[in-house]
Engineer: 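Attaching a single structure in structure tokens format; questions to follow.
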Amino acid sequence: MTIDEQMQKEFNDWAAAGRGEEMERHHASIVEQTLRLMELRPGERVLDMGCGAGWASRILARMVGDGPQGHGQVIGVDISDEMIRRARAGSTDFENVMFVWGSAHQVPWEENFFDKVLSVESFYYYADQDRAAHELFRVMAPKGRLFILINLYKENPYSLRWVEELKVPVQARSEQEYVELLRAHAFENVEARHVPDLSPTPDEYSGKWFKDSAELRAFKKIGALLVTAEKPNVRSTAPPYQIC
Ligand SMILES: C[S@@+](CC[C@H](N)C(=O)[O-])C[C@H]1O[C@@H](n2cnc3c(N)ncnc32)[C@H](O)[C@@H]1O
């Protein structure tokens, strides 16, 4: 089984257990802060990479929908066909969002298309992050902007424990390594910052990821890593492989 196939199986199980929809509650605070930084405008084309059950794609779709500048659209891509199915089922009222099954390792879309790319809590699952960075660069429009938001990275020690717990392999890189990765792929204005999770923390914690609520609070205070970058004003050429 390839790593993409392993990922698909694992996240199909997550989707079947209803965890795709649950993630909205866990990621809402950090995503809300990121959306403000994205300066979304009606008419823009946005990719939600690793969209899961599609809740963030729907927020994006509302933000870029009808306006004087045109009718924006959002494409959600995910390796789990079950997540894609649920994302579609939850978005029947939307005309400007579409969900496509595919991998970040071979983004099923054309070159130079997206004005903005958001990827929430997904990038550390990509077995070949170099390949994913290359693919995101390819599908982004000249001057397009990239927003990678992740909770698992070296500077948040609480999240590193997940590496052992998760059933699939993940990448645990540092802020600086992410910055260097994107620079190596010709992205410009690469910056990293922390986004604290501002949601209230209950006094009792009964989940499996943290020892107690004090630890959860400490994890949320360090916050997620947001890496932002811009594609220079260049057009990418079509790849030698076929996009399926
Ligand atoms: C923790 S979930 C986050 C989902 C969603 N962004 C959210 O915040 O609710 C990670 C998602 O990344 C997807 N994923 C993992 N590897 C992927 C890959 N190589 N290409 C595309 N999606 C991938 C998984 O299927 C899963 O839906």
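Keep in mind that the numbers below use all heavy atoms, side chains included, and drop hydrogens, waters and symmetry copies. Counting convention: from 1, in listed order, for ligands and their atoms alike.
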Engineer: To which protein heavy atom is atom 12 (O) of ligand 1 closest, and what is the distance rounded to 0.1 Å?
Structural biologist: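 Heavy-atom neighbour on the protein nearest atom 12 (O) of ligand 1: Ser122 OG, 2.8 Å.
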Engineer: When you measure from the side chain of Glu155 to the backbone N and O of Glu175, does any donor-acceptor pair fall under 3.5 Å?
Structural biologist: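 A pair under 3.5 Å: yes.
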Engineer: Quick one: which ligand 1 atoms are inside 4.0 Å of a heavy atom on Met7?
Structural biologist: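 Under 4.0 Å from Met7, ligand 1 has these atoms: 16 (N).
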Engineer: Could you tell me, atom by atom, which parts of ligand 1 come under 4.0 Å of a heavy atom of Ile79?
Structural biologist: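 Going through ligand 1 atom by atom, the ones under 4.0 Å from Ile79 are 14 (N), 15 (C), 16 (N), 17 (C), 18 (C), 20 (N), 21 (C), 22 (N), 23 (C), 25 (O).
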Engineer: Checking contacts here: is it the side chain or the backbone of Ala132 that comes within 4.0 Å of ligand 1, counting heavy atoms only? Could be both or neither.
Structural biologist: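 Neither part.
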Engineer: If we only count N/O pairs under 3.5 Å, is His27 in contact with ligand 1?
Structural biologist: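 It does: an N or O of His27 is found under 3.5 Å from an N or O of ligand 1.
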Engineer: For a quick check under 3.5 Å, do Ser103 and Asp4 share a side-chain donor-acceptor pair by atom type?
Structural biologist: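 Yes, because at least one side-chain N or O of Ser103 sits under 3.5 Å from a partner of the opposite role on Asp4.
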Engineer: How far is atom 2 (S) of ligand 1 from its nearest protein heavy atom, and which residue and atom name does that atom have?
Structural biologist: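 It is Met23 SD, 3.3 Å.
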Engineer: Does NZ or CZ of Arg45 lie under 6.0 Å from the centre of the six-membered ring of Phe113, at an angle within 45° of the ring axis?
Structural biologist: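 Positive - Arg45 is close enough to the ring of Phe113 and near enough to its axis.
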Engineer: Below 6.0 angstrom between ring centroids: does that apply to Phe210 and Phe219?
Structural biologist: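 Ring-ring flag for Phe210/Phe219: true, centres closer than 6.0 Å.
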Engineer: Where the side chain of His105 meets the backbone of Asp128, is there a donor-acceptor pair that is under 3.5 Å apart?
Structural biologist: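 Confirmed, His105 side chain pairs with Asp128 backbone.
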Engineer: Hey, is Ser103 one of the residues with a heavy atom under 4.0 angstrom from ligand 1?
Structural biologist: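 So Ser103 counts as touching ligand 1.
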Engineer: Which atoms form the tightest heavy-atom contact between Phe137 and Ala186, and what is the distance?
Structural biologist: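 Looking at all heavy atoms of both residues, the shortest contact is CE1-O, 3.8 Å.
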Engineer: By number and element, which atoms of ligand 1 are closer than 4.0 Å to a non-hydrogen atom of Tyr126?
Structural biologist: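 Contacts of ligand 1 toward Tyr126, numbered from 1: 16 (N), 17 (C), 18 (C), 19 (N), 20 (N), 23 (C).
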Engineer: Looking at OH of Tyr153 and CG of Asn151, how far apart are the two atoms once the value is rounded to the nearest 0.5 Å?
Structural biologist: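 The CG atom of Asn151 is 7.5 Å from OH of Tyr153, to the nearest 0.5 Å.
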Engineer: Work out whether the distance between some heavy atom of Gln8 and some atom of ligand 1 is less than 4.0 Å.
Structural biologist: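 Gln8: no contact with ligand 1 (<4.0 Å).
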Engineer: I'd like to check whether Gly50 has a polar contact with ligand 1, where a contact means an N/O of the residue lying under 3.5 Å from an N/O of the ligand.
Structural biologist: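 There is such a contact, yes.
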Engineer: So, does Lys116 use its side chain to make a donor-acceptor pair with the main chain of Met38 at under 3.5 Å?
Structural biologist: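 Present.
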Engineer: Looking only at heavy atoms of Ala53, does any of them come nearer than 4.0 Å to an atom of ligand 1?
Structural biologist: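 The answer is no, since Ala53 has no heavy atom less than 4.0 Å from ligand 1.
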Engineer: Mark up the atoms of ligand 1 that fall under 4.0 Å of a heavy atom belonging to Ala104, in ascending order.
Structural biologist: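 It comes down to these atoms of ligand 1: 18 (C), 19 (N), 20 (N), 21 (C).
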Engineer: May I ask you to list the atoms of ligand 1 that are less than 4.0 angstrom from any heavy atom of Glu121?
Structural biologist: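 So the atoms of ligand 1 that pass are 1 (C), 2 (S), 3 (C), 10 (C).
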